[in-house]
Structure formats: C-alpha cells, structure tokens
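Here's the structure, in structure tokens; my notes come after.
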Number of protein chains: 2
Amino acid sequence: MTDIDATDCRILAILQRDSSVSMEELSEQVNLSRNACWRRVKNMEAAGVIRGHAAILDAEKLGCGLAALVFIRAANHDPDWLEKFRRAVATIPHVVEAYRMSGDLDYMLKVQVADMRAYDRFYQKLIRTVPLADVSASFVMEEIKENRGLPLEPV
Amino acid sequence: MTDIDATDCRILAILQRDSSVSMEELSEQVNLSRNACWRRVKNMEAAGVIRGHAAILDAEKLGCGLAALVFIRAANHDPDWLEKFRRAVATIPHVVEAYRMSGDLDYMLKVQVADMRAYDRFYQKLIRTVPLADVSASFVMEEIKENRGLPLEPV
DNA sequence: CGTGAAACAGACCGACC
DNA sequence: GGTCGGTCTGTTTCACG
C-alpha cells in the first residue's frame, strides 16, 4: 500500500471538499503535472483511501431540516435484541448515522426529519419496533460546523 | 424553484450514494433519456438542492480512526465567549462537526483523531483555548450505520 | 419529455525522459 | 515525478418532434 505524503493530503483535502474539480485544476493547485496527479488519485482510489464520491444535498430544501441526536440505553444486551435494533436502524432511512458508544450511553443516533411532528412519528415507530430502556433526544438548533471531512493535517 | 418529484428523489438517492456514475447509467436507472436526466440534475444543482460533490475518505487509512462525541456546557453565555468558542471549533480541523443543541447540553462536537493520546492532546488544546463549564466525551466503539445521506421519503 | 447528432472537454493510459 | 500525444468516454448543446 502506498503511504500518504503531504502532497496526497493536499489532494485529499481538495477532493473531500469538492470532488467536481477537473484533473487540470487539481494538479495546478498541488503543483503537479496532470498525469502525476492523476496517478496519485488512482492509487488512492485503488488503495481504498478514497472510498467513493457522493453528492451533498441540502437538507432544508429536501424537507428534512430538523436534525436530532437520540441517546439510547439498551433494554437488555442479548444478541437477539441487538440484531433487532441493528435492523431497525438500518431500515429506517431517517436514521442518518448510528454509533455504539463507550461510557454509560449505549447508542447514539443522528436522525434527520422534517419537523417535530415527523420526529415524533419516527420516535413512535422506533419504540414500537425495539424495546428501549432509556431514550432521550436533543435537537440541533444550529450547525456551527458542518461536516468538512476528515482532518488531514499531520497531528 | 423546481419542486422535487419522485423521479428527482430517485436521482438524488443514487447520487448521494455514488456520484461517480455517468449520466448514461444514471438515466438508465431512473428510466429517463440521458438528456432529460441531465436537465434534471442541472436544475437541482442550480436550485441548490445538490450543493456539491465530495470524495469520501477512509478514516482508518488516514490515521484518524477514533471518533469521539464531546458534550459541552458553556462556561457562560456572553457573546464574547461564544465568538471564541466558534473560532476554536472552526480552526481545529479535528472537530469534524459542531452543533448548538436544545436541552441542557449546550454543544456537541464530533471529533476525529488518531487515538486516545491524540484525543487528549485535542482536549487539552480545547480547554486551553476556551473556558468550558462541563465537558464530557464518549467514544465511538462501532459505527452501526455510517452516513448514507438524507432520507428522501416522508416518515 | 424524447431523439439524434454534433462539438467539445476531459479522463485515461500508454511510452518515454 | 515530468512530458507528449494519443484514444475514447462522457458532458454539454444544438435542433426538432
């Protein structure tokens, strides 16, 4: 596997912000020839460093402008419950992200819905599907920093 | 502004998962001619429904495989503090997302770092920069559902 | 909205220094 | 890594039904 140098990082930083740039522009910005730049990009795609490309959509304009963080404590920890929980999370499209966490909260979901009413519908649906010991939600009032991708500066 | 119909939604669903598809493939998948499909995409880009394109990178391979959620209560709520906090959040690249929340937690950050030691460095840096009343972190043990984009169907 | 066709840009990929 | 130059796919616009 190729290891990532500073130039690769610059390429990645650009691409994770805007992958619609042409090779021409990209190579100029990192001071490489078009071909050298292209080879680096291809290498990183092959290595899986670049996993893919996605269109970034506007939540507001698509009618799901309310984001909620849902903190969950499991009712029990048997594999059967876990399986059901996972399935629910995978199935419901409004669950945008789901994490199993350390500490005393078991799971956190990020949920994207139209409004409070929609959230409540989601909530009812969730607890109908999976028994949950403790659920609490907090709503996103303001996005201070939106996902700009991974930190690529050497720490 | 164009309103989004079911076909548009199908286009968006495909693009937010993989925007590297060609117009040819995309149009086939939604049963439109290449041209008609292209017009829809351009319209949605112009309308800002499609905000851009991004490369999806592999956190593990880029040495920031540890994600933490940081829950913060502000030391005080004067505008001066807020300004400082915002600046810190915007500046530190390891803060991947930041939200002002409802309820009794004020802010939540998602932080992406190499490991625990790196997290501690981040933490020290943060509290050195901004006074914080209460900070607690929880670490992502497992990503159950990774960001697959917005839900494109009603609840 | 569909078709076809034409013009063009840019990706892609060899060979070579 | 740079350069050259080629092919070829895909985008972008036509005009028209």
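Chain naming here is simple, since letters A, B, ... match the order of the sequence lines and numbering starts at 1 in each.
The neighbour count for Glu60(A) CD, taken as heavy atoms of other residues, nucleotides or ligands under 6.0 Å away, does not exceed 12. Applying the 6.0 Å contact sphere to CZ of Arg86(B) captures more than 12 heavy atoms from other residues, nucleotides or ligands.
For the pair Ile72(A)/Met108(A), no side-chain contact is recorded, criterion being any heavy-atom separation below 4.5 Å from C-beta on.
The stretch residues 33-42 of chain B comes close to DNA chain C through Ser33(B), Asn35(B), Ala36(B), Arg39(B), Arg40(B), each having a heavy atom under 4.0 Å from the strand.
Atom-to-atom, CD of Glu24(B) to P of dG2(C) comes out at 13 Å; the value is rounded to the nearest Å. Taking atom CE of Met23(A) as the reference point, atom C1' of dG2(D) lies 16 Å away to the nearest angstrom. Atoms CD (Glu28(B)) and P (dG2(C)) sit 13 Å apart, rounded to a whole Å.
How far SG of Cys37(B) is from CD of Glu25(B): 11.0 Å, rounded to the nearest 0.5 Å.
In this structure, the side chain of Trp81(A) engages the main chain of Pro131(A) through a donor-acceptor pair within 3.5 Å.
For the ring pair (Phe, Tyr, Trp, His ring centres under 6.0 Å) criterion with Tyr107(B), the lone passing option out of Phe71(B), Tyr99(B), Phe85(B) is Phe85(B).
Helical stems in DNA chain C, defined as runs of 3 or more consecutive Watson-Crick or G-U wobble pairs with both donor-acceptor distances under 3.5 Å, are listed by first residue as C:1-11 with D:7-17, C:13-17 with D:1-5.
Rounded to a whole angstrom, the distance from the C1' atom of dT7(D) to that of dC17(C) is 22 Å.
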